[in-house]
Each structure stands twice: as C-alpha cells, then as structure tokens.
Amino acid sequence: SFDESSFTLLVKASNGTRIIYLDREFKSINIFSVPDIQVDDNSTLKNSLIFMIPIDGIVTIKNSDSEENLFSAGYILRLMMDRDVRLSGLNNFDLVQIYFFTKSVRYSDIISTTIKKQVFENGEENDLLFDSIKNENIINEKKDIEIYNATEIDGFGGKVAQMLKNEGFNVIITKSKEKSSTSKILFKGDNSKTSERLEKIFSIVAQQENGNSIADITLIIG
C-alpha cells in the first residue's frame with residue numbers, strides 16, 4: 001500500500017489517536033494528535049468519513065509506548081510481532097518501508113500538532129490539517145468529479161464530497177439518484193491518478209465509460 005507519493009496513517013493507541021501524513025515527495029511527516037473518537041479497526045473508508053480525510057492505513061495498538069518511539073526500529077518490530085496490534089490497509093512490508101522512509105526525513109521536517117474535536121464534530125475549518133494532506137498530483141490533473149448519492153442516507157453524498165475536497169479533489173456537483181446496492185467509479189478517456197486514487201479510497205475498480213457526463217469522473221455511492 002505504501003507505494004505512492006503520500007500515505008495517511010491512522011494510529012489508535014492507549015496513549016492517544018494520531019493521524020500521520022507521510023509525504024515522500026517532500027520528505028516530510030506531519031503528526032496530528034486527534035480526539036479519541038471511536039474508530040473502526042477494519043475500515044479505512046469509515047474512518048475517512050469520521051475524520052473527513054482519506055485514510056490509507058490503520059494501526060490499532062492496545063498498549064503503546066511514548067510518541068518518541070513511534071518510528072524506531074524496535075517499535076516497528078513490535079507492531080509486526082505483537083498479537084495486540086491490528087493492521088488494516090497495510091501489512092508488515094509496508095511497515096518496513098515506512099520505517100526506512102522515516103529514517104530519510106530530517107528532524108526539522110517532522111511536525112507535530114493537536115487538532116480540536118470541533119474540527120471533526122462541527123466541520124470547523126482547519127487549514128493546518130487539510131492543507132497538509134493536499135494531493136498535488138490530483139490538484140494538477142484538474143479532473144472534474146460528479147458524485148451521485150444512491151444510498152438511503154440524506155446528505156451522504158455531500159459528506160463524501162467534502163472528504164474528497166479536503167485532499168484536493170475537484171468535486172463540481174453532488175446529486176441524489178435512485179437507490180442502488182452497488183457503487184461505481186466511471187471515467188472518460190484514459191485512466192488517471194485521480195481515478196486510481198478513488199479506486200484506493202473506495203476499494204472499487206474504475207470503469208471506462210464515455211457517456212454524456214459533464215464531468216471527467218463519476219462516483220456513484222451505493
């Protein structure tokens with residue numbers, strides 16, 4: 001999983017919850033201490049909607065050491081061996097890659113901060129968090145995205161749209177449509193980094209479809 005220019009890791013431990021943004025392109029790490037909101041150990045998508053940013057991987061630890069040991073060799077080894085550790089969206093090989101990446105980052109390029117609970121509960125703006133996780137590849141592609149809410153949950157399409165916008169997706173319209181039991185990602189022309197990123201976030205294989213859509217990519221949420 002840790003094979004792209006950036007990776008957002010959610011770490012839930014006894015000494016707190018953190019969102020860790022690893023940026024390979026700029027060789028930087030942002031560590032956000034976030035409120036102890038109830039998280040789903042198995043679903044990156046559910047946690048993405050809780051924290052309103054796409055989460056790539058989850059590490060759940062029943063007992064944990066101090067933050068200073070977060071990227072040490074011993075700590076990573078413990079994550080790989082400890083039965084009390086649960087991984088979702090990544091595996092032991094990803095942990096090894098993350099470890100070696102962190103060794104290449106200068107201490108001055110590791111930033112830690114705390115995010116207030118209101119940001120996630122009331123939708124308060126937090127430029128430090130959302131600007132830090134912006135995906136430059138997606139922003140530069142400038143692919144227009146339309147979202148159709150085919151669930152029974154009113155406003156769900158808007159929530160998904162905001163989560164995607166926080167990473168830099170260009171969502172131009174959100175609509176409701178008839179209920180569907182399946183979700184789809186449809187793109188016009190060639191596949192792109194934008195559609196590939198959506199595939200990863202929603203665990204859906206994108207399909208090419210050159211219809212009459214005004215957008216480059218259509219996301220149907222079933």
Side-chain angles (χ1 to χ4, degrees), residues 6-10 17 19 21 30 32 34-40 42-58 88-89 115-188 191-207 209 211-222:
S6 62
F7 193 85
T8 304
L9 186 64
L10 176 64
T17 303
I19 293 172
Y21 183 71
N30 282 275
F32 301 98
V34 297
D36 286 327
I37 300 172
Q38 183 66 39
V39 303
D40 188 307
N42 301 308
S43 175
T44 54
L45 180 56
K46 285 183 181 179
N47 289 300
S48 297
L49 293 169
I50 290 171
F51 292 100
M52 294 306 291
I53 59 174
I55 301 293
D56 296 304
I58 307 167
S88 180
I115 305 299
K116 296 187 299 182
K117 195 172 186 177
Q118 290 85 341
V119 171
F120 308 109
E121 290 187 340
N122 305 328
E124 286 188 9
E125 293 291 330
N126 190 289
D127 294 339
L128 183 60
L129 173 62
F130 298 139
D131 287 350
S132 297
I133 62 142
K134 286 287 189 289
N135 190 316
E136 295 298 327
N137 289 327
I138 291 170
I139 293 172
N140 293 335
E141 279 192 339
K142 299 179 180 178
K143 296 290 185 181
D144 294 336
I145 301 170
E146 59 182 359
I147 296 176
Y148 287 92
N149 179 15
T151 73
E152 297 179 349
I153 307 171
D154 292 337
F156 190 66
K159 187 169 185 178
V160 171
Q162 188 57 55
M163 181 262 290
L164 295 176
K165 288 178 180 178
N166 287 341
E167 190 175 331
F169 288 88
N170 184 32
V171 180
I172 61 171
I173 193 169
T174 304
K175 292 182 178 180
S176 297
K177 64 173 300 181
E178 64 274 10
K179 303 300 181 286
S180 172
S181 60
T182 58
S183 300
K184 293 181 180 179
I185 299 170
L186 308 173
F187 63 89
K188 296 193 296 187
N191 206 350
S192 62
K193 290 186 181 296
T194 304
S195 55
E196 288 174 355
R197 180 67 177 138
L198 290 172
E199 285 183 318
K200 189 169 184 179
I201 293 171
F202 294 97
S203 299
I204 303 170
V205 177
Q207 307 170 47
E209 184 174 272
N212 297 321
S213 170
I214 62 172
D216 301 303
I217 301 172
T218 300
L219 171 62
I220 302 172
I221 309 167

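Computed from a predicted structure; not experimentally measured.
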Can you check whether I19 reaches I133 side chain to side chain, under 4.5 Å on heavy atoms? no
Do Y148 and S180 have side chains that get closer than 4.5 Å, going by heavy atoms? no
side-chain contact (heavy atoms from CB on, under 4.5 Å) against E209, all qualifying residues, sequence neighbours excluded: L186
What one should report as the nearest heavy-atom pair of S183 and G222 is OG-N, 2.7 Å
Hey, mind stepping through I115 and F51 against side chain to side chain contact (heavy atoms under 4.5 Å, CB included) and telling me if it holds? CA-CA 11 Å; I115 305 299; F51 292 100; over 6 Å; no
Side chain T44, main chain D56, donor-acceptor under 3.5 Å: no
What residues, two or more places apart in sequence or in another chain, satisfy side-chain contact (heavy atoms from CB on, under 4.5 Å) together with S192? E141, K143, T194, S195, I217
In Å, rounded to the nearest 0.5 Å, how long is the span from CD1 of I220 to CG of N149? 11.5 Å
Tell me which pairs pass salt bridge (Lys or Arg N to Asp or Glu O under 4.0 Å) where either residue lies in residues 146-170, with sequence neighbours left out. E167-R197
If you count heavy atoms of other groups shown closer than 6.0 angstrom to NZ of K134, is the number above 12? yes
Between G57 and F7, the two heavy atoms sitting closest are N-CZ, 3.9 Å
Using the side-chain contact (heavy atoms from CB on, under 4.5 Å) criterion, which residues pair with S203? Sequence neighbours excluded. none
In Å and rounded to the nearest 0.5 Å, what is the CD1 to CD1 distance from I138 to I145? 7.5 Å
Euclidean distance, L164 CG relative to I53 CD1, rounded to 0.5 Å: 12.0 Å
For a side chain to side chain contact (heavy atoms under 4.5 Å, CB included) check, start with the C-alpha distance between K184 and T218, then their side-chain angles and the critical distance, and finish with the verdict. CA-CA 8 Å; K184 293 181 180 179; T218 300; over 6 Å; no
Nearest atoms (heavy-atom pairs only) where T174 meets G158: CG2-N, 3.8 Å
Side chain to side chain contact (heavy atoms under 4.5 Å, CB included) between F169 and I147, worked out: CA-CA 12 Å; F169 288 88; I147 296 176; over 6 Å; no
Exceeds 12 heavy-atom contacts within 6.0 angstrom, atom NZ of K179: yes
Whether N166 side chain and M52 backbone form a donor-acceptor pair below 3.5 Å: yes
All heavy atoms of Y21 vs all of S6, minimum pair found to be OH-CB, 3.2 Å
To the nearest 0.5 Å, tell me how far L45 CG sits from I204 CD1. 8.5 Å
Between CD1 on residue I55 and OG on residue S43, distance to nearest 0.5 Å: 10.5 Å
Taking every heavy atom of K175 against every heavy atom of I173, the minimum-distance pair comes out as CE-CD1, 3.1 Å
How many angstroms lie between NZ in K188 and CG in N212, if you round to the nearest 0.5 Å? 8.5 Å
Sequence neighbours excluded, the answer for side chain to side chain donor-acceptor pair (under 3.5 Å) partners of N170 is D144
Is there side-chain contact between V39 and L10, with heavy atoms separated by less than 4.5 Å? yes
Looking only at heavy atoms, the pair that brings G157 and I221 closest together is CA-CD1, 4.3 Å
Who pairs with N140 by side-chain contact (heavy atoms from CB on, under 4.5 Å), at least two apart in sequence or on another chain? E136
Tell me, with the steps shown, if V160 and F202 meet side chain to side chain contact (heavy atoms under 4.5 Å, CB included). CA-CA 11 Å; V160 171; F202 294 97; 3.7 Å; yes
